[in-house]
Amino acid sequence: MWTGISPNANQPAEPSLRSLARWLLGAGLGVLLAGCTGRPSAEPRNPATSAPPSTVTAAAKEASGPLRTGSLLVELRPGQTLPLDASDPRAAVQPQPVLVLSDAPLRAIRRLNEPVPWDRDSGEIWLVQAIDPVVLTSVAATHSLVAKVARDPRVRRVEPDRIRYAAADAGSSDGGSRDGGPQDAGTRKNGPGQRANDRFVSQQWNLPMVRASEAWNLSGGSEDVVVAILDTGILPNHPDLAGRLLPGFDFISHPDSADDGDTRRDADPTDTGTIDSSRLHGTHVAGIIGAATGNRLGIAGIDQRCRVLPVRVLGVRNGDGTDSDISDAIRWAAGIQVGELPPPVRPADVLNLSFGGPVVSFTLQRAVHQAIDRGALIVVAAGNGGDDARTYSPGGLDDVVSVGAVGRDGKRAAYSNFGPRVDLLAPGGSADLIGDEDAGFTVEGVLSTYRDDGLREKPDDEYTYGVLSGTSQSAPHVSAAAALARGLAPTLRQRGLAMLLAVTANRRYRCDSDPQQGCGAGLLDVASLLSVARLQPACGCAEGLVCLDDGVCRVPPVLHESLVPNNQLRGGWCQLAPGLTDRSNPSLRELFSWCLLAALLGLLRARRGLGAAGLLWPRPPRVD
């Protein structure tokens, strides 16, 4: 992933005049078309990154993936806005004035995002909703509406409000019982961690696989580090999470998904689901990261001291969440103001996103870049589709650390997404059943905090320890490792984290012979990561730079070539939509002038190029 592509050593032959003419004609037409489709713009990236955007898109899957029918995410052109009169910023449903984009009647629900400084063509991103009842219930009609709205000259680009799902499969079975109670797990900052004496730690095969015990000899974490878990919420009374949780927030705006008795976003991120609906997914992820360690109870979390910020974005319908809600939650967790919502008590250092679905989203991409710009580290599940991660969000987004899954056997799990977008592997499990083997237990998935099903401390315990499998389980291993590293190196940023994860990964798990290339740099090695992370303060590198054993400060490489389809503006940019004839509008005046100038330049360049080649008028005879 860190290796650049060598230029082709074969030099083309000198072109003929006819070839040159064709090339010049193509260049002139290209300039003409560029003027009619809008100015090329760089993908809104973290200002620390500099890779140009790619023309690769997820167009093949543009119409795939579940979505919220009738709901669109619209980015406007610079200087444009929509009417909004929201009396209650937390309300999920609000009556709004009707607006028209490309003759389509819509309602503006809420503004999701402001323009960003690193993309000169960026504009506000809005959640809008169709009024036509047919569109509100039809996927095909929603896609047709997307294409129609994209033609409005006020619109930069548009996409459906897609639904993402928790990236795990549920399953567990009952176990034995034993008394146990929480004890002080330590509150020191960055000192060595406690020895894991937890009841079921012997079933946590994932911990020795990533060398967690060796890592705890270096650091057990810091209580100054906050990990936000954007998921189905949390079970706040689970005894193995006691004392680790910060006040969170529920961002689910659709009552049927929230199932919490109201129609408002609120400060209660409690998971209202069951093992059959939400699968208590967020609580399971939280335990992998931060379950109390050394308390003779349940399991051991990888970071023994970090604080967990529960952010509810996935609901009770099989862990469903929309891009609009997730986008708001990413920004909020990173400490960016979202409307009039109260900010988090402490912004997150690390964001864990254990969900996914087909098609790359520009709305999620904008939110991710804003969070990274604030200094947050973002770790995501690569996805469970057994597909190329480049076609998924958030697993295929630019600049995230995308994590694939390995089973207990050390092989890449068949469900794990693959391809060059996967940065590294972590334990995700290859099955989710607990088998009885010689009166003991064999766990093939990842064991973590749960409820109503799984292993119990006492036979009648409500709160249990269950097993799930998926890239949802692999991602929190890396998030916890990132939290440990951030505690040792407070100036560590996203690209630096990705570089250190890559150079310290266990290369035996790279699976270079796998044609699908789904293992990235190899398997997460927490101990090796911390051994390099603790060097950073002594190196004294400027923010954004990292050092290795030689003490030399380095600029981390760009994680991935950009995939978000943003290199060209979309829509009928050289024509004004019906009714939009107000030439006093500065943005429309600039647009018209740009299109006209580009057209004239294109024709002039084509004419000169062909004339120079002697194809538009004869060359004068040569005089010796």
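Below, all heavy atoms of this structure are taken into account, side chains as well, without hydrogens, waters or symmetry copies.
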Return yes if some donor-acceptor pair links the side-chain N/O of [X] with the main-chain N/O of [Y] below 3.5 Å, else return no.
| X | Y | answer |
| --- | --- | --- |
| D349 | V226 | yes |
| R412 | F418 | no |
| R307 | L246 | no |
| R493 | I372 | no |
| R408 | V443 | yes |
| S277 | T274 | yes |
| T391 | P358 | no |
| H281 | D231 | no |
| Q473 | G429 | no |
| E457 | G298 | yes |

Please examine the side chains of [Y] and [X], heavy atoms only from C-beta on, and report whether any two atoms are closer than 4.5 Å.
| X | Y | result |
| --- | --- | --- |
| H477 | V403 | no |
| S222 | R305 | no |
| S327 | R366 | no |
| D268 | D260 | no |
| R510 | L425 | no |
| C306 | R486 | no |
| L241 | T449 | yes |
| L559 | D398 | no |

Rounded distance [0.5 Å steps], [atom1] in [X] versus [atom2] in [Y]:
| X | Y | atom1 | atom2 | result |
| --- | --- | --- | --- | --- |
| N295 | N197 | CG | CG | 7.0 Å |
| D461 | D452 | CG | CG | 11.0 Å |
| L67 | D323 | CG | CG | 10.0 Å |
| L235 | T283 | CG | OG1 | 3.5 Å |

Among H369, Q365, R495, which one satisfies side-chain hydrogen bond (donor to acceptor under 3.5 Å, both in side chains) with D399? H369

Candidate list T232, T272, D320, test side-chain hydrogen bond (donor to acceptor under 3.5 Å, both in side chains), partner S257, passing option: D320

Take D525 and R211 through the salt bridge (Lys or Arg N to Asp or Glu O under 4.0 Å) test and state the conclusion after the steps. CA-CA 6 Å; D525 186 329; R211 298 182 65 212; 3.1 Å; yes

Verify side-chain contact (heavy atoms from CB on, under 4.5 Å) between Q370 and N113, making sure each step is shown before the conclusion. CA-CA 10 Å; Q370 287 182 296; N113 224 312; 2.7 Å; yes

May I ask you to check whether [X] and [Y] show a side-chain donor-acceptor distance below 3.5 Å?
| X | Y | answer |
| --- | --- | --- |
| T471 | N384 | yes |
| H254 | D325 | no |
| S71 | D161 | no |
| D198 | Q204 | no |

Could you walk me through whether R451 and D271 pass the salt bridge (Lys or Arg N to Asp or Glu O under 4.0 Å) test, one step at a time? CA-CA 11 Å; R451 188 188 67 192; D271 190 336; over 6 Å; no

Closest non-hydrogen atom pair, R421 against A389: CB-CB, 3.9 Å

Which one of I109, L364, T363, L112 satisfies the side-chain contact (heavy atoms from CB on, under 4.5 Å) criterion with S324? L112

Parallel under 30°, tilted from 30 to 60°, perpendicular over 60°: which one fits the rings of H238 and Y465? perpendicular

List the steps, then state whether side-chain contact (heavy atoms from CB on, under 4.5 Å) holds for L218 with S531. CA-CA 7 Å; L218 301 175; S531 67; 4.3 Å; yes

Apply side-chain contact (heavy atoms from CB on, under 4.5 Å) to L530 and R534, showing your working. CA-CA 6 Å; L530 297 193; R534 66 176 180 172; over 6 Å; no

Starting from the C-alpha separation in whole Å, work towards a yes-or-no answer on salt bridge (Lys or Arg N to Asp or Glu O under 4.0 Å) for D259 and R312. CA-CA 12 Å; D259 192 33; R312 191 175 186 227; over 6 Å; no

Run D388 and R390 through salt bridge (Lys or Arg N to Asp or Glu O under 4.0 Å) and show every step you take. CA-CA 5 Å; D388 193 324; R390 290 177 293 184; 2.6 Å; yes

Begin from the C-alpha positions of Q536 and T491 and carry the test side-chain contact (heavy atoms from CB on, under 4.5 Å) through to its verdict. CA-CA 8 Å; Q536 305 309 308; T491 62; 5.5 Å; no

